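Here the structure comes first, spelled out in C-alpha cells, and everything after it is commentary.
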Amino acid sequence: MTGPRTFLLAGLLLLGGCGYFNSLYNANRSFATAERANRTGDRATAVREYRSAIDRAAVSYRKYPDGRWADDALLLLGRARFALGEHDLAAGAMQRLLGQSREEAMRSVAHAYLGAALFALDNAASAVVHLDTAAAALDARSDDGAFARLWRARAAFHAGRSDAGWPDLTAALTNRHIAHDAALEGVRQALQYRDSARAFEFMQHLAHTPPEAGSVAALDSLLQVMGTEWSPSVAFQGSAPFEHADWPVNMRDALRLTRASLAARAGRPDDALELAMQVGNAVNLGVGSRARLLAAQIRLAHAERTEELEEIRALLLPAYDDRAALDLMRRVRAAEILLVNGQDPAASLSLFAAAELLRDELAAPHLARRIFLEFAAARSGSVWAGKAALAAHQIGPDAETDAALQTLRDNPYVSAARGGSYVAAEIDRAEERLAFGISGLRADALADAIRRDAVVGRALTVLDSTRTAARNDSVRIACGVLIDSLSVSGIRADSTRTACLRGDTARVRFVLGADTVLLRDTTGAADSRPVGRDTTSRPDTTKQPRPAAAAAMPAARETAASRHGVMARTLVAPDLVRR
C-alpha cells in the first residue's frame, strides 16, 4: 500500500543518501586537492586537505558502514592516512576493506597500499605477499600499478634481491605520477650497489620528470653521497642533465649551486665559478647570496694578487643577508687594512698578520704565500722573517722559497727547522711577542672593517627597500593594465587584481576562465525592485537569455574566453614574480 507516508519515507531516504554521497564526493575533492598540492610542494595545503578528506570519508563510513559507498570511503581513508605517513592507520583501513569488499579492482588497490604500509612498518615479509598480489592484477602503467611496483622494488632491494628490484623500478618509470619517486629510488639503489651506469641512467630519467616537494633536498643529498663515495667529478658529471631540466627556476638554481660546489671540490674552478655566478647574478638574496659566497671562496682559493681582494668584496656586497658572506666580507676588508698598514716600516708586523689571516681564515693560500715571501724579503733582519719563509715554503715549495730559506739560513726558525743549532728560549720569546702583537693587530683591523661596513650595510638596506618598492609598483601597474584591457568589473575585477598582485597565474586563469556570461553583475547597479519588496532575497541570476540574444551568446563566450586566455598567459612578467 502506497500513501503519503510511503512517499515521505522514500524522500527522507533519498535526502539521506544524497547527504551521504555528498560527504564522500567532498572527501574525494579534498583528496585530489591534497595530491595536487603535494606534487607542487605546498605541504601545508596538502596536509590540511588530506585531513579534510579523512574527516569527510570517516563521516560517510560511520553513517553507512554497509552502504554502497562504504568501500570507497575506506579506500580513501587508507590512501589519505598513507600520504600523511600514518602507516598503521592506513594498514588498518586497508585490512578492513579487504575483509568486506568483493570488488576485485578495489581489493587489488587495497593490497598495494597495505603492502606499502606494512613495508614502512618494517614488516617486509608480509608486505611482499600483498604487493605481489597487487602487481599481478594492476597494469604497470596505471597509478596504482606503478605504485605497487615501486614499493615491491623497495622490498626486493631491502631483501638483497636487486635482480627483482631493477625491473620493477623500470616498470614504475612508465607512470608520470610515480616516475619521479621511482627515478630517485633508482639513483639511491645504484649508489648502494655502486652501479654508476644505472645511477646516470636514473639521473637522466629524474631530470625529465616533474619535481615534487623535497626533490631538491633529496637530490642534493644523493649528489653529496656520490661525491664522497665515488668522486666529486663523477657527481658533477652525473648531475649534468639537470642544467636543462624542465624544473622551476628556483629548483634549477639550487641544483646549479650544488653542481658548483661539486665542481670546486673536483678541481674545476672555472666551471664552479661560472655556475655560482650564474645563480648569483640571477637571484637576489637567499640562494643567490649563497652562490656569491661560494664564488668568493673559489676566487680566494685561487687569488694571487692583492687587487683581487677588493673585487671579491664587491662580489659579496649583494649577499649582505647571509651571515657567512657578511663575515667573509669583513675579514677580507680586515686583510686589506692589514696589508695597507704593513707598508709602513713601523708597523711591519701587520704584513705578517695579513698573511696569516689570508692563510688560516680566508683560505687564500696563494696570496698568503706571496705576502709571507714579501715579509721575509722586506724584513729579513726580523726574527720572524724565518718563520714567514718557512710558512711560504709549506704552502708551496719551489725554487723561490728555497732561495728565501737559503738567504735566512742563520735565522733561528730556519736553523731549527733544518736541524741546526738554535736557542729554544729565543724562539719561545719570539713566539710570545708575535702572538701578542698579531692578536691585537687583527682585532683592531676587524673592528675597523666592521665600522666601515656598517655604513655600507645601511646603504644596501635602503637600496634593497627601494628596489622592492619599485618592483611592487611595477606589479601594480601591470595588474591595473590587465584589468583595464579586459574590461572586467565588480567581484571578478577584484579577484583578478588580488591574484595578479600575488603572482598567482593559475588563480587569474580560473577567475577569467569562469563562464559568467549568464550572471548579472549587481555590484554596480542600482536596486530596481519596487519599494516595499523583500530586499533580502537573492536576485534571480539563472534566467535563460531571451531568444534574440541567445544566438549571440556562444560567440560572445568564445571571444571573451579567447581574450581572457591570452591575457592570462601574458599576465605577469617573469622578472616581476621570479625573485
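Small disclaimer: the values here were computed from a predicted structure and weren't measured.
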Before you tell me yes or no, could you show the steps for Ile54 and Arg79 under side-chain contact (heavy atoms from CB on, under 4.5 Å), namely the whole-Å CA-CA distance, both residues' side-chain angles and the distance that decides it to 0.1 Å?
CA-CA 9 Å; Ile54 289 170; Arg79 293 181 67 188; over 6 Å; no

Compute the centroid of each ring, for His158 and then for Phe119, and state whether the two points are separated by less than 6.0 Å.
yes

In the structure I gave you, are the side-chain heavy atoms of Trp166 and Arg161 within less than 4.5 Å of one another anywhere?
no

Exceeds 12 heavy-atom contacts within 6.0 angstrom, atom CG of Asp163:
yes

Run the side-chain contact (heavy atoms from CB on, under 4.5 Å) test on Met226 and Gln237 for me, step by step, so that the C-alpha distance in whole Å, both residues' side-chain angles and the decisive distance to 0.1 Å come before the verdict.
CA-CA 11 Å; Met226 187 181 292; Gln237 179 185 352; over 6 Å; no

Polar side chain donor-acceptor pair, Ser239 to Arg259, under 3.5 angstrom:
yes

Nearest non-hydrogen partners of Ala182 and Leu169, listed with the distance:
O-CD2, 3.8 Å

Check whether any side-chain N or O of Asp220 sits under 3.5 Å from a backbone N or O of Val216 as a donor-acceptor pair, and report yes or no.
no

What I want to find out is whether Arg152 reaches Asp132 closely enough, with some N-O distance under 4.0 Å, to be called a salt bridge.
yes

Mind checking the OG-CD spacing from Ser162 to Gln189? Nearest 0.5 Å is all I need.
9.0 Å

Keeping Ser30 on the side-chain end and Asn26 on the backbone end, is there a donor-acceptor pair under 3.5 Å?
yes

Assess the residue pair Val234 and Phe200 against the criterion (side-chain contact (heavy atoms from CB on, under 4.5 Å)); give the C-alpha distance rounded to whole Å, side-chain angles, the decisive distance to 0.1 Å, and a yes or no.
CA-CA 10 Å; Val234 170; Phe200 284 12; 3.9 Å; yes

Just one of Gln278, Arg290, Arg252 clears the side chain to side chain contact (heavy atoms under 4.5 Å, CB included) bar with Leu257, so which one?
Arg290

Are any side-chain N or O atoms of Arg107 and backbone N or O atoms of Leu98, one a donor and one an acceptor, separated by less than 3.5 Å?
yes

Between Ala199 and Val187 the two heavy atoms that sit nearest each other are O-CG2, 4.1 Å

Does a donor on one side chain and an acceptor on the other come within less than 3.5 Å for Asn38 and Glu212?
no

Got a second to check how far Glu49's CD is from Thr33's OG1, nearest 0.5 Å?
5.0 Å

Using modelled atom types and a 3.5 Å cut-off, is there a donor and acceptor pairing between side-chain atoms of Thr228 and backbone atoms of Gln224?
yes

Is there side-chain contact between Pro248 and Pro211, with at least one heavy-atom pair below 4.5 Å?
yes

With sequence neighbours left out, what residues match Glu35 under salt bridge (Lys or Arg N to Asp or Glu O under 4.0 Å)?
none

Could you grab the distance from atom CG of Leu275 to atom CG of Leu294, nearest 0.5 Å is fine?
9.5 Å

Going by heavy atoms in the side chains, are Leu206 and Leu219 under 4.5 Å from each other?
yes

So with a 6.0 Å cut-off around NE2 of His208, is the heavy-atom count from everything else above 12?
no

Should Arg198 and Glu201 count as an ion pair when the cut-off is N to O under 4.0 Å?
no

Ser221 (side chain) donor-acceptor with Ala217 (main chain) under 3.5 angstrom
no

Measure from the side-chain N and O atoms of Arg154 to the backbone N and O of Leu150, and report whether any donor-acceptor pair falls under 3.5 Å.
no

Hey, can you tell me if His180 and Trp247 have their rings parallel, tilted or perpendicular (30° and 60° cut-offs)?
tilted

Check: Asp144 and Asp139 side chains under 4.5 Å, non-hydrogen atoms
no

Within 6.0 Å of CZ in Arg141, more than 12 heavy atoms from elsewhere:
no

For the atom pair CD1 (Ile178) and OG (Ser142), what is the distance rounded to the nearest 0.5 Å?
9.0 Å

State, yes or no, whether a side-chain contact exists between Thr258 and Phe242 at a heavy-atom distance under 4.5 Å.
no

Using a 6.0 Å cut-off, check whether atom CD of Glu243 has over 12 heavy atoms from anything other than its own residue.
yes

4.5 Å side-chain heavy-atom contact, Val47 and Leu84:
yes

Heavy atoms of Leu118 and Ala127 approach each other most closely as CB-CB, 3.9 Å

So, does Arg149 use its side chain to make a donor-acceptor pair with the main chain of Ala135 at under 3.5 Å?
yes

Distance (rounded to the nearest 0.5 Å) between Tyr193 OH and Arg188 CZ
13.5 Å

Plane angle bin for Phe82 and His87 - parallel if under 30°, tilted between 30 and 60°, otherwise perpendicular:
perpendicular

Between the side chains of Ser126 and Asn123, is a donor N or O closer than 3.5 angstrom to an acceptor N or O?
yes

Regarding Arg176 and Thr209, is there a side-chain donor-to-acceptor distance under 3.5 Å anywhere?
no

Looking only at atom types and distance, does a side-chain atom of Ser101 sit under 3.5 Å from a main-chain N or O of Leu97, one as donor and one as acceptor?
no

If you look at every heavy atom in Gly286 and Asp321, which pair is closest and at what distance?
N-OD2, 3.2 Å

Sequence neighbours excluded, every pair satisfying salt bridge (Lys or Arg N to Asp or Glu O under 4.0 Å) that has a member inside residues 224-236
Arg194-Glu229

So which heavy atom on Leu74 is nearest to which on Ala93, and how close?
O-CB, 4.0 Å

Roughly how far, to the nearest 0.5 Å, is CZ of Arg56 from CZ of Arg51?
14.5 Å

Is there a side-chain contact between Phe236 and Asp271 in this structure, where contact means two heavy atoms from C-beta onward sitting under 4.5 Å apart?
yes

Could you check whether any side-chain N or O of Arg292 sits under 3.5 Å from a backbone N or O of Ala319, counting only pairs where one atom can act as donor and the other as acceptor?
no

Under a 3.5 Å distance rule, please check whether Ser108 uses its side chain to pair with a backbone N or O of Glu104 as donor and acceptor.
yes

Any side-chain heavy-atom pair from His111 and Met94 closer than 4.5 angstrom?
no

Minimum heavy-atom distance Leu77-Ala57, with the two atoms named:
CG-CB, 3.9 Å

